[in-house]
Amino acid sequence: MNNNRIWLSLAHMGGREQEFIQEAFDTNWVVPMGPNVDAFEKDLATFLGEGSHVAALSAGTAALHLGLVILDVKAGDEVLCQSFTFSASANPIAYQGATPIFVDSEKDTWNMSPEHLERAIKDRLSTGKKPKAIIPVHLYGMPAKMDEIIAISNKYEIPILEDAAEALGSKYKNTHCGLLGDISALSFNGNKIITTSGGGALVAKDEDFVKKARFLATQARDAAPHYQHTHIGYNYRMSNVVAGIGRGQMLVLPERIEQRRANNCYYREAFSNIDAISFQSEPTPDFYSNYWLTSILIDTEKSNGVTREDLRLALDAANIESRPLWKPMHLQPIFKDCPYYGEGVSDDLFDRGLCLPSGSILERHELERVVGVVKALFK
Ligand SMILES: *Cc1c(COP(=O)(O)O)cnc(C)c1O
């Protein structure tokens, strides 16, 4: 058996991607937008269902940025954002000159705590400022507690910009992640459950939002024979070449979800006798995760002193990539002065958590190698 590097999450082609790319070349649609983009958007809308509308964009980050622009977030505004996330959830707030207000996670899903969210809103209102949007994130594919978050959004009339970048194929109460916010962002970056090599999409049930996104993403050109502009525009549309990859990937998306979930299941069984290891888990049957990355916590009181970092280094020594959970935004140097509402849940997750190799491309003998290293350390 070889000792090749095992990676956290690699691109996994379905086989037909190059046919769609070839089509773009054969018809000379080697441009931003075109038939592959239209078809990819249609495939995504069909997959998500419920009258969803989709604008394919150059990145998930672009989708989040346009979401904020469409929700009228401007300089000096405040936006509530899950602290426990990748920086791309928060950076677009700064692009707008607005201030992120970070909210801690709860322990069940590891996502935005509805309790701290409401506390943050009340406190911001008491300072005379009403936040303009709420950004919950479905980390590692696990849906956030959306009923509670939506109730708060309705109560205070603050729209939700849903960061579903990691959660394509995940569901909450049988509704797809991506359809739980007023506006949502998906990502097709190289490490996500499906990829276009790089890309994203803005999703909404309200078609007006998606029309606005397409308009803003193509330099905000008004309807006129000459170049006429009444808005600041962006160049955020997806290229027709990479959309071909997306079309091919959509053919295998259900399979990819099953494969990621099977990896998660395999790890759970393998570690069922190790008391020191617990998993990010669906709290009730209302939650359905694509388990984009299988993520575990180490309980150092039960591990004979073995830490997350010990495990990461042991895996690395065996040529296996793993990664600590996201470092919360309120702990990041760049955001250290932003307001934060919480009680250290995400700090603790960061200290004790590790993402294991989770790609759909992983083979059984590779999963066995990972398990072997973990078991040896915790025996
Ligand atoms: C990947 C990711 C993004 C950004 O998506 P890109 O397509 O890489 O711009 C945003 N938020 C989260 C939580 C992500 O994991």
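Counting convention: from 1, in listed order, for ligands and their atoms alike.
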In one Ile/Leu/Val/Met/Phe/Trp/Tyr side-chain cluster, 4.5 Å: L48, V210: no

Tabulate distances under 3.5 Å between N/O atoms of ligand 1 and N/O atoms of the protein, writing both atom names on each line.
{"unit_1": "ligand 1", "atom_1": "5 (O)", "unit_2": "S187", "atom_2": "OG", "d": "3.2"}
{"unit_1": "ligand 1", "atom_1": "7 (O)", "unit_2": "G60", "atom_2": "N", "d": "2.8"}
{"unit_1": "ligand 1", "atom_1": "7 (O)", "unit_2": "S187", "atom_2": "OG", "d": "2.7"}
{"unit_1": "ligand 1", "atom_1": "7 (O)", "unit_2": "G199", "atom_2": "O", "d": "3.4"}
{"unit_1": "ligand 1", "atom_1": "9 (O)", "unit_2": "G60", "atom_2": "N", "d": "3.3"}
{"unit_1": "ligand 1", "atom_1": "9 (O)", "unit_2": "T61", "atom_2": "N", "d": "2.9"}
{"unit_1": "ligand 1", "atom_1": "9 (O)", "unit_2": "T61", "atom_2": "OG1", "d": "2.5"}
{"unit_1": "ligand 1", "atom_1": "11 (N)", "unit_2": "D163", "atom_2": "OD1", "d": "3.3"}
{"unit_1": "ligand 1", "atom_1": "11 (N)", "unit_2": "D163", "atom_2": "OD2", "d": "2.8"}
{"unit_1": "ligand 1", "atom_1": "15 (O)", "unit_2": "E166", "atom_2": "OE2", "d": "2.5"}
{"unit_1": "ligand 1", "atom_1": "15 (O)", "unit_2": "K192", "atom_2": "NZ", "d": "3.3"}

Is it true that the side chains of D104 and S346 contain a donor and an acceptor less than 3.5 Å apart? yes

For residues R369 and N319, is any side-chain donor paired with an opposing acceptor at under 3.5 Å? no

Heavy-atom closest pair (L80 atom, I121 atom, distance to 0.1 Å) is CD1-CG1, 3.5 Å

W326 versus F350, closest heavy-atom pair with distance: O-CD1, 3.7 Å

For the salt bridge (charged side-chain N to carboxylate O under 4.0 Å, His left out) test, which of K171, R261, K145, K173 pairs with E282? R261

